[in-house]
Amino acid sequence: SYPDQARFIALQALNDYIPNLSQEQNQYIRSTLLTYLQSLISNNKDDSPFLKNKLAESFASLFCSTYLASWPSFFKDFHNLISNENEIAIDQYLRILLGIHSEIGDQLIVRDRPLVERNNALKDSIRVNDMEDLTKVWKRLLADFKSSQSSLSQKILTQALQVVGGWVSWIEIGLIVEPDYINLILEFLSNDSQKATCCETLVEIISKKMKPEGKLQLLSLLNLTNVVSSLSLDGSDVEFVEHVAKLYNAIGLELTFILDSQEASADIKSSADQQIINLFPFVLSFLENPYDDVSAHVFSFISSYLAALKKIIKQSNGNIDSTHLGLLGALLQKVILKMKYDAEDDGDDEDDISDFNEFRSKLKVFQDTIAIIKPDLFVEQITNVI
């Protein structure tokens, strides 16, 4: 019944206290917060996002303080709460999971040693006791809400994909990487509301650390080259094209890592090489995109590919097969074209000039690398341009 701002500040004050309270005190907070959440659900009260996120932060902080000591049924209790598929309950549940990941799984946050050890203990316990149930619930939510058109349902789907993408970095990948689960996730590539988030989730799944053989099996299962080629990338939605470029960049990076891995067998490297060849036309299309931000998203793969190719040629006594020579030539052509100044640019905007010069300097590195790998090819193409 209090104003939103008052409830927000009350929850923030609570969050500051939770890590320093006893289990008995946190038991009282747990009971009170659950009663509060139940009242929101019963009254069908869909709070403002900033309030829902602050409540999720409170539950995440409470989870970190109580899961190992006094609340081992944390996830089971929430799964019971969302069993009737109430949208407000599910929306809050997913926000809480995102909050927990931020607390214990986000690798971009630098933490002190005691917190790292606490988080590792929490993750170990989740893996043993709750991880299988959690992944099943996420899968069920994605399946059950994919046809719903309400705005909250669409938000639920987006958050469910974000949870999978966040948590996959530290859970058992086999719980996610099974054909029906992956195919369900892939369906959201064609959904306007979730397609960008789906790309981000797939990037996280692809980037999961695995042995070369397992990674190649994962990429084969995803079959993203065929899946994404069926999508409409006409350039009208530049932001989505950027996300797809990031996705292809991630695939390419993993394939070049396999090529460069000492653990990978000759057959696995050969398969990875063939996938790179299949991937290359798409990478080149992103490189020649009129928007430099799109092109820049595949720079990491191009750099990694050229480094791997340089090693392969060195091991082959300077020989390069005709297929890779063709790829190298096509890449150099695109790089040269991309380095040209826009005919419509009047050269008066200093920021644009600075940004483009920085962009060109990276392209120049690719040119120089190709010149080292295959001098004859470089001289021929540059001469033709001149």
Side-chain angles (χ1 to χ4, degrees), residues 101 105-108 123 127 131-132 134-135 138-139 161-189 197-229 231 243-284 286 297-312 315 321 323-324 327:
H101 172 68
D106 192 334
Q107 298 175 353
L108 298 178
K123 286 187 281 191
R127 291 185 192 107
M131 204 64 254
E132 190 171 348
L134 281 162
T135 53
W138 306 341
K139 182 180 178 183
L161 289 169
Q162 289 172 332
V163 168
V164 173
W167 285 55
V168 77
S169 64
W170 53 271
I171 68 174
E172 169 52 49
I173 188 70
L175 295 172
I176 302 291
V177 181
E178 51 184 38
D180 55 340
Y181 212 140
I182 289 297
N183 288 333
L184 176 60
I185 292 173
L186 289 174
E187 288 184 37
F188 294 97
L189 277 176
T197 305
C198 185
C199 282
E200 293 172 353
T201 299
L202 290 169
V203 167
E204 294 298 329
I205 292 172
I206 289 167
S207 303
K208 171 80 172 180
K209 290 183 178 179
M210 300 171 67
K211 291 185 178 297
E213 185 177 2
K215 181 58 63 80
L216 194 62
Q217 289 175 350
L218 168 60
L219 294 173
S220 298
L221 172 63
L222 288 168
N223 193 25
L224 285 172
T225 304
N226 288 338
V227 172
V228 179
S229 64
L231 300 176
H243 278 93
V244 178
K246 290 180 187 177
L247 181 54
Y248 271 93
N249 185 72
I251 298 169
L253 281 174
E254 296 303 323
L255 291 170
T256 53
F257 290 156
I258 293 173
L259 279 185
D260 201 32
S261 173
Q262 295 181 347
E263 296 181 51
S265 66
D267 288 343
I268 289 175
K269 288 187 177 185
S270 177
S271 297
D273 188 43
Q274 184 57 53
Q275 288 200 33
I276 288 175
I277 293 168
N278 296 338
L279 187 77
F280 226 84
F282 298 95
V283 173
L284 293 178
F286 293 124
H297 286 307
V298 294
F299 278 11
S300 297
F301 163 65
I302 293 171
S303 179
S304 182
Y305 168 74
L306 291 174
L309 190 58
K310 194 191 300 184
K311 286 185 180 180
I312 292 170
Q315 293 166 358
D321 64 68
T323 302
H324 284 288
L327 296 182

Problem - Exceeds 12 heavy-atom contacts within 6.0 angstrom, atom CD of E213 - result: no
Problem - Partners meeting side-chain hydrogen bond (donor to acceptor under 3.5 Å, both in side chains) with H101 (sequence neighbours left out) - result: W170
Problem - Listed partners of N278 passing side-chain hydrogen bond (donor to acceptor under 3.5 Å, both in side chains), at least two apart - result: Q274
Handout entry: side-chain contact (heavy atoms from CB on, under 4.5 Å) between L134 and W167, intermediate numbers included
Key = CA-CA 10 Å; L134 281 162; W167 285 55; 3.8 Å; yes
Handout entry: 4.5 Å side-chain heavy-atom contact, I251 and L222
Key = no
Practice task
For residues S169 and G105, report the shortest heavy-atom separation together with the two atoms involved.
Solution key: OG-O, 4.4 Å
Practice task
List in chain and number order the residues that pass side-chain hydrogen bond (donor to acceptor under 3.5 Å, both in side chains) with Q275, two or more places apart in sequence or in another chain; answer none if no residue qualifies.
Solution key: S220
Exercise for the section: Name all residues meeting the side chain to side chain contact (heavy atoms under 4.5 Å, CB included) criterion together with L221; count only those two or more places apart in sequence or in a different chain, and write none if there are none. Expected result: V177, P179, I182
Practice task
Sequence neighbours left out, what passes salt bridge (Lys or Arg N to Asp or Glu O under 4.0 Å) with K123? Give chain and number order.
Solution key: none
Fill in the blank from the handout: Residue pairs passing the side chain to side chain donor-acceptor pair (under 3.5 Å) test with at least one member in residues 247-260, sequence neighbours excluded, are K215-E254, T256-S304, D260-K311
Handout entry: Atom pair SG/CG of C198 and L189 - distance to nearest 0.5 Å
Key = 4.0 Å
Exercise for the section: Give the intermediate values and the outcome of side-chain contact (heavy atoms from CB on, under 4.5 Å) for residues I206 and L247. Expected result: CA-CA 9 Å; I206 289 167; L247 181 54; 3.6 Å; yes
For a quick test of your reading: what N or O donor-acceptor pairs under 3.5 Å do the side chains of residues 264-272 make, sequence neighbours left out?
residue	atom	partner	partner atom	Å
S265	OG	I268	N	3.3
K269	NZ	L259	O	3.4
K269	NZ	S261	O	3.1
S271	OG	D267	O	3.1

Handout entry: Partners meeting side chain to side chain contact (heavy atoms under 4.5 Å, CB included) with V168 (sequence neighbours left out)
Key = I173, I176, E204, I205
Exercise for the section: Would you list the pairs meeting salt bridge (Lys or Arg N to Asp or Glu O under 4.0 Å) in which at least one residue belongs to residues 169-178, sequence neighbours left out? Expected result: K139-E178
Problem - Spatial distance of atom CE (M210) from atom CG (L219) [nearest 0.5 Å] - result: 8.5 Å
Problem - side chain to side chain contact (heavy atoms under 4.5 Å, CB included) partners of N223, counting only residues at least two apart - result: N226
Exercise for the section: Using the test side-chain hydrogen bond (donor to acceptor under 3.5 Å, both in side chains), find all partners of N183 that sit at least two apart in sequence or belong to another chain. Expected result: none
Practice task
Please tell me if the side chains of L327 and Y305 come closer than 4.5 Å, counting only heavy atoms from C-beta onward.
Solution key: yes
Problem - Reported CG-to-CG distance for the pair D321 and D273, which is rounded to 0.5 angstrom - result: 7.0 Å
Practice task
Name all residues meeting the side chain to side chain contact (heavy atoms under 4.5 Å, CB included) criterion together with E187; count only those two or more places apart in sequence or in a different chain, and write none if there are none.
Solution key: K146, L184
Handout entry: Full working for side-chain contact (heavy atoms from CB on, under 4.5 Å) between L255 and F301
Key = CA-CA 9 Å; L255 291 170; F301 163 65; 5.8 Å; no
Practice task
Would you mind reporting whether V298 and F282 have side-chain heavy atoms less than 4.5 Å apart?
Solution key: no
Exercise for the section: Begin from the C-alpha positions of V164 and T135 and carry the test side-chain contact (heavy atoms from CB on, under 4.5 Å) through to its verdict. Expected result: CA-CA 8 Å; V164 173; T135 53; over 6 Å; no
Practice task
Could you tell me the separation between the CZ atom of F286 and the CD1 atom of I302, rounded to the nearest 0.5 Å?
Solution key: 11.5 Å
